[in-house]
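To keep things clear, I will list the structure first and then write my remarks on it.
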Amino acid sequence: MTRILGLLTIWLALAATPGTAQSLAESNAQLFRELQSVRGVDGAAIERIQQIFARSRVLGQGNPAITRHAMTREECNARAGGNALAAYADKRFERICGAKYMAPLYDPRTERPEDAKACIDQFEYPDIPCSYPVVWVKAKEAAEICAAEGKRLCDAHEWEGACAGALEPPDYRFDLARGQSDSGAVNRMRAAHNAKYQSSASWSYGPAFRTGVCAQDSVKSPTCPGGGFGNCGSNTYPTGSFKSCTSPLKVYDINGNAAEHMNLPLAPDQMASSGSTRLGVTEMKGSWFIWDKYRAHPDWCRWRAPFWHGARVMSPASHENYHLGFRCCKTLD
């Protein structure tokens, strides 16, 4: 209890700072301090993460000059009873996953959490309750940040299982991808996958789409329609602001807040869950912070997207934008 209270004191001091951060560099420096003080990320990992951030002129929690977050961190903490770090702590999950704020991936119909072979971050990166999601991140950078922490990008089926509340075996139709371009392979595979799951479509919070449940009633910046770091604020909510926006596996903000990079393998040797570091192509999963007002496409749990802004995950040209973040998975020994 003493340790939790100490961490909360640090967290509250840090949480009061975002609105006064004068630059992206200052905001990111605060983020690195939180990773270390709240989640216990070690110094060597922090150094590697700092190096990844330093290569980008936009990577962070949004452009501080234009971002207008839909809720303060203090308001989020109040919603969690005044102590978000303790409210979202789960000692059983921590024992299973070997890390804070991760949830086991398993099938509750036949397994227990202890049977999980992998875990997923409960919150969008930085995976700290009541923090703002990291956005403007390329898929390659997301994979590198996860690796710096001893984690990895999730495969698409893992993210989908975390959302739907049951991890199912991989169902990638690699036979449909053979001989195809990346875009052709994605389109053929996604058509088969979506046809399989459409009749059982569900959202992280239930069997039907609902407004007002998740972090998705924010607005775009008035200057945003043209895009760009200088025009589009990352007007996100703190992670975990909506306690009802959780899946049966206790994973938060899969719907709403920020869309998320995942790895979509096009061949067996591209599966992160099987140890690949080569990886496949990018898939942007979920929905984002204006979804209650603007539903641009389906966002049910197991829906797979077209080859939007498609690229190899490890390509330096993989996509980045103001409402696109990520979360990590971790393979268990």
Side-chain angles (χ1 to χ4, degrees), residues 44-45 47-49 51-56 59 97-99 102 105 116-121 124-125 127 134 136-163 167-193 259-286 302-321 324-333:
E47 185 174 348
R48 290 194 294 272
I49 293 167
Q51 291 169 353
I52 297 163
F53 273 69
R55 297 199 301 262
S56 171
L59 178 55
C97 299
M102 298 198 81
L105 289 170
K117 301 296 189 294
C119 291
I120 189 170
D121 288 347
E124 294 155 329
Y125 198 85
D127 192 32
V134 166
W136 289 107
V137 58
K138 297 178 182 292
K140 181 177 187 293
E141 293 165 339
E144 291 171 341
I145 292 167
C146 291
E149 291 201 27
K151 301 180 183 180
R152 57 173 174 79
L153 271 191
C154 305
D155 286 337
H157 78 282
E158 294 178 302
W159 187 98
E160 293 161 5
C163 179
L167 179 67
E168 296 188 352
D171 73 327
Y172 306 107
R173 289 288 306 276
F174 296 132
D175 58 307
L176 298 177
R178 283 193 285 270
Q180 300 291 313
S181 65
D182 287 352
S183 61
V186 169
N187 288 334
R188 295 184 75 189
M189 290 172 66
R190 72 177 290 268
H193 174 89
E260 300 175 24
H261 283 296
M262 292 293 138
N263 175 53
L264 181 64
L266 303 182
D269 64 353
Q270 297 173 10
M271 294 179 64
S273 56
S274 295
S276 173
T277 56
R278 177 186 174 208
L279 304 182
V281 297
T282 59
E283 186 185 359
M284 289 171 280
K285 304 290 277 182
R302 298 193 194 273
W303 185 77
R304 289 192 185 156
F307 198 49
W308 292 322
H309 306 288
R312 290 279 165 172
V313 169
M314 298 309 292
S315 167
S318 55
H319 185 56
E320 62 189 0
N321 72 34
L324 179 58
F326 70 105
R327 71 181 78 212
C328 304
C329 280
K330 179 183 178 184
T331 301
L332 303 181
D333 297 331

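Sequence positions, counted from 1, serve as the residue numbers for this chain.
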Point-to-point distance, once rounded to the nearest 0.5 Å, from [atom1] of [X] to [atom2] of [Y]:
X	Y	atom1	atom2	value
Phe326	Met284	CZ	CE	15.5 Å
His309	Glu320	NE2	CD	11.0 Å
Cys97	Leu105	SG	CG	8.0 Å
Lys138	Arg55	NZ	CZ	11.0 Å
Glu144	Gln51	CD	CD	10.5 Å
Cys328	Leu153	SG	CG	7.0 Å

Dump the intermediate steps for side-chain contact (heavy atoms from CB on, under 4.5 Å) on Phe174 and Met189, then the final yes or no. CA-CA 8 Å; Phe174 296 132; Met189 290 172 66; 4.2 Å; yes

Asp121 and side chain to side chain contact (heavy atoms under 4.5 Å, CB included): which partner among Lys151, Glu260, Lys330?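 The option that passes is Lys151.
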
Residues forming a side-chain hydrogen bond (donor to acceptor under 3.5 Å, both in side chains) with Arg278, sequence neighbours excluded: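 Counting only residues at least two positions away or on another chain, Arg278 forms a side-chain hydrogen bond (donor to acceptor under 3.5 Å, both in side chains) with Asp269.
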
Please name the pair of heavy atoms, one in [X] and one in [Y], separated by the smallest distance, quoted to 0.1 Å.
X	Y	result
Val186	Leu266	CG2-CD2, 4.0 Å
Leu264	Ala156	CD1-CB, 4.0 Å
Cys119	Leu332	SG-CD1, 3.9 Å
Val313	Met262	CG2-O, 4.4 Å
Pro170	Met271	CG-CE, 3.7 Å
Ser318	Ala139	OG-N, 3.1 Å

Salt bridge flag under 4.0 Å for residues Arg190 and Glu283: no

Walk me through it: do Glu158 and Ile120 pass the test side-chain contact (heavy atoms from CB on, under 4.5 Å)? CA-CA 8 Å; Glu158 294 178 302; Ile120 189 170; 5.7 Å; no

Criterion side chain to side chain donor-acceptor pair (under 3.5 Å) on Asp171 and His193, from CA distance to verdict: CA-CA 8 Å; Asp171 73 327; His193 174 89; 2.8 Å; yes

Ala147: partners by side chain to side chain contact (heavy atoms under 4.5 Å, CB included), with sequence neighbours left out: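 Applying side chain to side chain contact (heavy atoms under 4.5 Å, CB included) to Ala147 gives none.
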
One pair to check against side-chain contact (heavy atoms from CB on, under 4.5 Å): His261 and Leu324. What are the steps and the verdict? CA-CA 7 Å; His261 283 296; Leu324 179 58; 3.3 Å; yes

Cys pair Cys329/Cys146: SG distance under 2.5 Å? no

Keeping the roles fixed (side chain from Asp155, backbone from Ser273), state whether a donor-acceptor pair exists under 3.5 Å.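 Answer holds: yes.
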
Are Glu168 and Glu160 close enough, and set up right, to give a side-chain contact (heavy atoms from CB on, under 4.5 Å), and what steps lead you there? CA-CA 9 Å; Glu168 296 188 352; Glu160 293 161 5; over 6 Å; no

In this structure, which one of Asn263, Thr282, Asp182 forms a side-chain hydrogen bond (donor to acceptor under 3.5 Å, both in side chains) with Arg312? Asp182

Check the orientation of Trp308 and Trp303. Use parallel for under 30°, tilted for 30 to 60°, and perpendicular for over 60°.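 Because their plane-to-plane angle lies in the 30° to 60° range, the rings of Trp308 and Trp303 count as tilted.
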
Can you confirm whether the side chains of Tyr125 and Glu149 place a donor and an acceptor under 3.5 Å from each other? yes

Does any donor atom in the side chain of Ser274 or Ser276 lie under 3.5 Å from an acceptor atom in the other side chain? no

Evaluate the side-chain proximity of Tyr172 to Gln270: yes if any heavy-atom separation is below 4.5 Å, no if none is. no

